[in-house]
Amino acid sequence: MVDGIRSEGGATTSSDPMEFDLYATIAAKSMLRAAREELRAVLGVDEAIVAMGQGKLVFRCPISSLRALGDDLGQIKALERVGYLMTYRETTESSPHGSPESLDDLARLLAEECDWRKAAKLLGGGRKLQFRVKRSGNVLRGHSTSEIARSLALGGVVDERAGWSVSVRGDLTVTVELSDVGVLVGVLIAKQADFNEGNVEVKGLDPVVAWGLVRAADPKEGEVLLDLCVGRGLVLAEAHRLCGGLGSVLGLDLDEAMVESASTNTAGLHRAQIMRADATRVPLRSGSVDLIVSDLPFGYKMGGSVEDNAGLYTKIFAEMERLLRRDTGRAVLLTNHDNHPNMASCLERAAWLKLVTRRHVLLGRQKCFIYLVAGAGASGANEVLKPGVFEWEERRGKERWSKRRRLSRKGLKLVVV
Amino acid sequence: MKLLTHNLLECHIKGVTNKYPFLVEAQQVEQTEVDFNPDFLRRMYPKLDWKAFKDTAEGLKLEGLPDSVTEEMLKSDEAFLRAFHHILLEVDVEEGALICPETGRRFPIVKGIPNLLLNEDEC
């Protein structure tokens, strides 16, 4: 058990804040500082302890009601999930017996250490609970997670006075996480409204890179954004999220399967439109597009080659200069190092698009460049820039993009009402 | 496919001069509610070809758009802004086709996605 985390109960009226223990999940160590800052600023939490190795934080916080907590959590972007902490027991060198050695041991831990009545004060009485177990390492190794969950459901571990019952389909999920570093029992309360890590339907371009491309294009309200090679639609999804006020978010692809995946990944994003069309013969009016953001073909799939890309890129550049609003139009293009000569020759011959920034990025093991090209009238087009990074970046590093992307989310949303 | 998208599209068959706007043939039209945002409409208005928008709407039996729009209407005419919002953003052609105004070539729309690929002899 962590000192200073467990609290003693005590009756209070609902308008009077009462101290409750909560836990939160962070996506990466790099989010820790931002998470602590948000907890301090929004919930007044001065001390948050790193738990379960490093993926979680546990903290105590004054809460007047679940709804009030929900309003506050809406401002928190650095955390993936927040839950009510029933108990946390750390396994350390000095307390090697922290982890349960049998199912009975675990049932005893839940019955004795979880204050069910206090939880019901925040989450409400009359709830139906279900148990969910996550297990890693050597704890209760001989048992499957469903077997452990079943034994807890039948084990009478919930204090009856809380007014909660155990059910196969509960409206509240009690998560029991077991690992070699500790045991955490909690109830999920809120998760990020627009995305948690890795919840894309069909995997495609790394969403963090897609975010970086869109961010580099600097989309503004009312603008029309086009992806010439939409692939699985990740750029459109990020654009929609980053700038909800975009006028239109259009994506083309030649390939039927890509069009279908892109359509799945952008379902429900009402400004997005997928079309089946050719990037070298685009069925859009001249000057109708403000931004083009595309992950160009590298030439290794779809029967292409780096040599063929010389011709392909030339045609794409010609289309870009036709489609983009003259002077203020801008494009952000991604391709690999092998295709740099192709890009360089396109840039040399371009009528009005000029290179603003070229930034290196690693895509898996593939060394790539992102090119920001713009007309002379685009904002930032004539500034002297730091080499190799965009003007909004201090330093290179994809992890920094990942962090900024998370901090641009809408905030946590209650899953328990 | 929304009429906002349609307003940006033009036929790209080689040699065609009367390429805008595509005629819309709609077999199935769906309506989805979108939050009303007059500022968005004010920003989008200058980007639209109003005549093409109005004619296409009428072809789909969507009435209520004026022949021309004044600044005053964009600023404070709630009834006009509501109609503009609805037709621009809430109407989706799910099944149908886009038809080239010059050649009559049909580009099908299936599940809201237009297929605008050209045949080799059209490039």
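Scope of the values below: all heavy atoms of this structure, side chains included, with no hydrogens, waters or symmetry mates. A, B, ... follow the sequence lines: proteins, then strands. Residue 1 opens every chain.
- Looking only at heavy-atom pairs under 4.5 Å with chain B, the residue among A:R271, A:R285, A:R276 that has the most is A:R285.
- A:R322 has a carboxylate O that lies under 4.0 Å from a charged side-chain N of B:E10, or vice versa, which qualifies the two as a salt bridge.
- Other residues, nucleotides and ligands contribute over 12 non-hydrogen atoms within 6.0 Å of the CD atom of B:E102.
- Residues of residues 220-228 of chain A lying under 4.5 angstrom from chain B, judged on non-hydrogen atoms, are A:E221, A:G222, A:E223, A:V224 in numerical order.
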| said: Quick one, B:K47 with A:S248, criterion side chain to side chain contact (heavy atoms under 4.5 Å, CB included). Give me CA distance, side-chain angles, the key distance, then yes/no. | reply: CA-CA 11 Å; B:K47 301 197 171 191; A:S248 205; over 6 Å; no
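- Crowding of A:K354 atom NZ: a count of heavy atoms from other residues, nucleotides or ligands under 6.0 Å exceeding 12.
- Taking the centre and axis of the six-membered ring of A:W211, the NZ or CZ atom of A:R404 falls outside the cone set by 45° and 6.0 Å.
- Using a 4.5 Å cut-off between non-hydrogen atoms, the part of residues 35-46 of chain B that approaches chain A consists of B:F40, B:R43, B:M44.
- In terms of heavy atoms, A:R409 sits closest to A:K77 at NH2-O, 2.7 Å.
- Ranked by heavy-atom pairs under 4.5 Å with chain B, the first of A:T280, A:V289, A:D278, A:I274 is A:I274.
- For the pair A:Q75 (side chain) and A:V42 (backbone), a donor-acceptor distance under 3.5 Å is absent.
- Residue contact with chain A, scored on non-hydrogen atoms closer than 4.5 Å, involves the side chain of B:L4 exclusively.
- Between the CE atom of A:M275 and the OG1 atom of B:T5 there is a distance of 6.0 Å, given to the nearest 0.5 Å.
- Using a 4.5 Å cut-off between non-hydrogen atoms, the part of residues 113-122 of chain B that approaches chain A consists of B:I113, B:P114, B:N115, B:L116, B:L117, B:L118, B:E122.
- In this model, a donor atom of one side chain and an acceptor atom of the other lie less than 3.5 Å apart for A:T335 and A:Y313.
- Between the side chain of A:Q273 and the backbone N or O of B:G112 there is at least one donor-acceptor pair closer than 3.5 Å.
- Along residues 61-91 of chain B, the residues that come nearer than 4.5 angstrom to chain A, judged on non-hydrogen atoms, are B:L89 in order of number.
- By the 30° and 60° cut-offs, the orientation of the rings of A:F390 relative to A:W392 is parallel.
- Residue A:L252 does not touch chain B at all, counting heavy-atom pairs closer than 4.5 Å.
- A donor-acceptor pair under 3.5 Å is formed between the side chain of A:T314 and the backbone N or O of A:A310.
- Counting all heavy atoms, side chain and backbone alike, B:F22 lies closest to B:P101 at CA-CD, 4.3 Å.
- Contact detail for A:L246 and A:A239: the closest heavy-atom pair is CD1-O, 3.8 Å.
- Proximity of a side-chain donor or acceptor of A:R349 to a complementary backbone N or O of A:S345 within less than 3.5 Å is detected.
- Contacts between B:K19 and chain A at a heavy-atom distance below 4.5 Å are absent for every atom of the residue.
- In this structure, A:S288 contributes its side chain and A:L284 its backbone to no donor-acceptor pair below 3.5 Å.
- In summary, the side chains of B:D49 and B:N7 do not present any donor paired with an acceptor at a separation below 3.5 Å, with no hydrogens or angles considered.
- The pair B:K111-B:D92 does not count as a salt bridge, with every side-chain nitrogen at least 4.0 angstrom from each carboxylate oxygen.
- In this structure, B:C100 and B:V16 approach most closely via the heavy-atom pair SG-CG1, 4.2 Å.
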